[in-house]
Q: 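Here it is: the structure, laid out below.
Convention: sequence-line order gives letters A, B, ...; per-chain numbering from 1. Computed from a predicted model, the values in this text were never measured in an experiment.
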There are 2 protein chains.
Amino acid sequence: MQVSLASIRDARGEVFTEGCPTRTVLDHVLSKWGVLVLGALTDGTLRWGELRRAVEGISEKMLASTLRTLEGDGFIRRESFPEVPPRVEYALTDRGRELMERMLPLMDWIAANADEILAR
Amino acid sequence: MQVSLASIRDARGEVFTEGCPTRTVLDHVLSKWGVLVLGALTDGTLRWGELRRAVEGISEKMLASTLRTLEGDGFIRRESFPEVPPRVEYALTDRGRELMERMLPLMDWIAANADEILAR
DNA sequence: CTGTATCCGTCGCGATACTG
DNA sequence: CAGTATCGCGACGGATACAG
């Protein structure tokens, strides 16, 4: 079971240098609420209210903030419809789907092993 | 490019329920410093001091705390040698390697795309 | 060298109220 | 329905000093 991170190390052998853009993206994408929001959007478009209910426990403030960050990074797309009452839909972009293709195996493994990991 | 999270949804269609063990493991493993420490250990054993230097910017307090959490979850193993001066080595366990097998493609993709993602 | 203990700032985040 | 504005607290985490 050979695993290596060599391809993403810099010249000094460091993983993700401080101040490096990678750290920022890592923080956005792997944040407490970021992963859950991205996960919720993985199998389809959701409206604001649906998202709020799907990501159990998230506050409106954090949902808004997380959505704006992920939209700013181009992982999700916001589409608002000029109706009454208002309707706004959120969905993964192509970039977001690329990301989730890599994230899903990880979340899947964690979901499958969480109980055993915490059993102690 | 079809992607789905259906396998890890619960009966109510929610992703990771609040209070679920999965959320805890997610927080440990995807924490700001957790990913970097795990990443640093990915291609081999490191001593405390090496780890501190490899994970640029981490404080001693957070390094200690992160290591204890990840050790508690069984992702890393701590081995201390009764020498003077003291020597302590940290390495991934089998479980840790299983985790990193799933995490590395993600980190790799992020490292490769971070610049473009933040370019705006 | 490998940590632990303590202090203490800040800011992440939740709660609440309010608006288009 | 889909958010924004404001307040306030608690804990996350950095700096420093000290210990084994």
Q: So, A:Thr17 side chain and A:Cys20 main chain: donor-acceptor pair closer than 3.5 Å or not?
A: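 No; judged by distance alone, with no hydrogens or angles, the pair does not exist.
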Q: Distance check needed: D:dG3 C1' versus A:Phe81 CZ, whole Å only.
A: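 Distance check: A:Phe81 CZ to D:dG3 C1' gives 17 Å.
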Q: Could you tabulate the donor-acceptor pairs under 3.5 Å formed by side-chain atoms of residues 81-91 of chain A, not counting sequence neighbours?
A:
| unit_1 | atom_1 | unit_2 | atom_2 | d |
| --- | --- | --- | --- | --- |
| A:Glu83 | OE1 | A:Arg87 | NE | 3.3 |
| A:Glu83 | OE2 | A:Arg87 | NH2 | 2.9 |
| A:Arg87 | NH1 | A:Glu89 | OE2 | 2.9 |

Q: Given side chains that start at C-beta, do those of B:Leu36 and B:Ile58 come closer than 4.5 Å, heavy atoms only?
A: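 Answer no - side chains too far apart.
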Q: Send over the distance from B:Leu63 CG to C:dT2 P, rounded to a whole Å.
A: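 Those two atoms, CG and P, are 10 Å apart.
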Q: Donor-acceptor pair, A:Arg23 side chain versus A:Phe16 backbone, under 3.5 Å?
A: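 Between the backbone of A:Phe16 and the side chain of A:Arg23 there is a qualifying donor-acceptor contact (under 3.5 Å).
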Q: Quick one: B:Leu46 CG to C:dC1 P, roughly how many Å, whole number?
A: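 To the nearest whole Å, that distance equals 15 Å.
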Q: May I ask you to evaluate whether A:Arg47 reaches the phosphate of D:dA2, defined as a side-chain N or O under 4.0 Å from OP1 or OP2?
A: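 Checking D:dA2 against A:Arg47, a side-chain N or O does come within under 4.0 Å of OP1 or OP2.
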Q: Please report the C-alpha distance between B:Leu30 and A:Leu106 in whole Å, then the side-chain angles of each, then the deciding distance to 0.1 Å, and finally whether the side-chain contact (heavy atoms from CB on, under 4.5 Å) criterion is met.
A: CA-CA 10 Å; B:Leu30 301 187; A:Leu106 177 64; 4.0 Å; yes
Q: Strictly below 4.0 Å: does B:Arg78 bring a side-chain N or O up to OP1 or OP2 of C:dT2?
A: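 Negative; the distance criterion is not met.
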Q: For nucleotides 6-20 of chain C, read 5' to 3', which letter fits each nucleotide if B means a protein heavy atom sits under 4.0 Å from the base, S means only the sugar-phosphate is that close, and - means neither?
A: -B-----BB--B--B
Q: Measure the distance from CZ on A:Arg68 to P on D:dA2 and round it to the nearest whole Å.
A: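 Distance, rounded to whole Å: 16 Å.
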Q: Just report the end-to-end axis angle for the helix from C:dC1-D:dG20 to C:dG20-D:dC1, five pairs per end, to 10 degrees.
A: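 It works out to 50° between the end axes.
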Q: How close or far is atom C1' of C:dG3 from atom CD of B:Glu89, stated in whole angstroms?
A: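 Spelled out: CD on B:Glu89 to C1' on C:dG3 is 16 Å.
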Q: Is the shortest side-chain N to carboxylate O distance from B:Arg52 to B:Glu60 below 4.0 Å?
A: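 A salt bridge is present here (some side-chain N lies under 4.0 Å from a carboxylate O).
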Q: Taking atom C1' of D:dG13 as reference, at what distance in whole Å does atom CD of A:Glu18 sit?
A: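 After rounding, the reported distance stands at 14 Å.
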Q: Over how many whole Å does the gap from A:Glu79 atom CD to D:dG3 atom P extend?
A: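 It is 13 Å, rounded to the nearest whole Å.
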Q: Answer yes or no: is there a donor N or O on one side and an acceptor on the other, between the side chain of B:Thr45 and the main chain of B:Leu41, under 3.5 Å?
A: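 Absent.
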Q: Keeping A:Thr93 on the side-chain end and A:Arg77 on the backbone end, is there a donor-acceptor pair under 3.5 Å?
A: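 No, because the side chain of A:Thr93 does not come within donor-acceptor range (under 3.5 Å) of the backbone of A:Arg77.
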Q: I'd like to know if the side chain of A:Thr66 reaches the main chain of A:Leu63, judged simply by a donor and an acceptor atom lying under 3.5 Å from each other, with no hydrogens or angles considered.
A: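 Between the backbone of A:Leu63 and the side chain of A:Thr66 there is no qualifying donor-acceptor contact (under 3.5 Å).
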Q: At 4.0 Å (heavy atoms only), tell me whether B:Tyr90 reaches a base, stays on the sugar-phosphate, or touches nothing.
A: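 Here B:Tyr90 touches the backbone only, sparing every base.
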